[in-house]
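Beneath this line is the structure, given in structure tokens, with notes to follow.
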Amino acid sequence: MRLSKLLGVAGIVGVAATGTVLLRHERHRRAYSPEEVRARLQGRVAEVATADADPDLVPDWPAEVERPQRHPMEALLSTVMKIGPLRRF
């Protein structure tokens, strides 16, 4: 048996096994009632609200960030080409 055939068969078996695992997980997830999901989420929110903030996860920048300045070349091009300010997406 060639190596490529062996790798192909192994790939197909791997895909089938992955699908089986995902299907089992989905069945387990859907077994919860909406009330149970809501209660678990509210418990997680309460747990996070009471936990102390990790200093490594607190952002170093200020909460209020000022609007960025237009580049002088952008302003010049806008006036020369008579177009509005360039939009950033």
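Model, not experiment: these values are computed from the prediction.
Under the salt bridge (charged side-chain N to carboxylate O under 4.0 Å, His left out) criterion, no residue pair touches residues 9-24, with sequence neighbours excluded.
Between the side chain of Glu36 and the backbone N or O of Ser33 there is at least one donor-acceptor pair closer than 3.5 Å.
With sequence neighbours excluded, the residues forming a side-chain hydrogen bond (donor to acceptor under 3.5 Å, both in side chains) with Glu26 are Arg29, Arg30, listed by chain and number. Residues passing the side-chain hydrogen bond (donor to acceptor under 3.5 Å, both in side chains) test with Arg38, sequence neighbours excluded: none.
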Determine all donor-acceptor pairs shorter than 3.5 Å in which one atom belongs to a side chain in residues 10-22; sequence neighbours excluded.
residue	atom	partner	partner atom	Å
Thr18	OG1	Gly14	O	2.8
Thr20	OG1	Ala16	O	2.9

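The structure places CG of Leu76 at 11.0 Å from NE2 of His71, a figure rounded to the nearest 0.5 Å.
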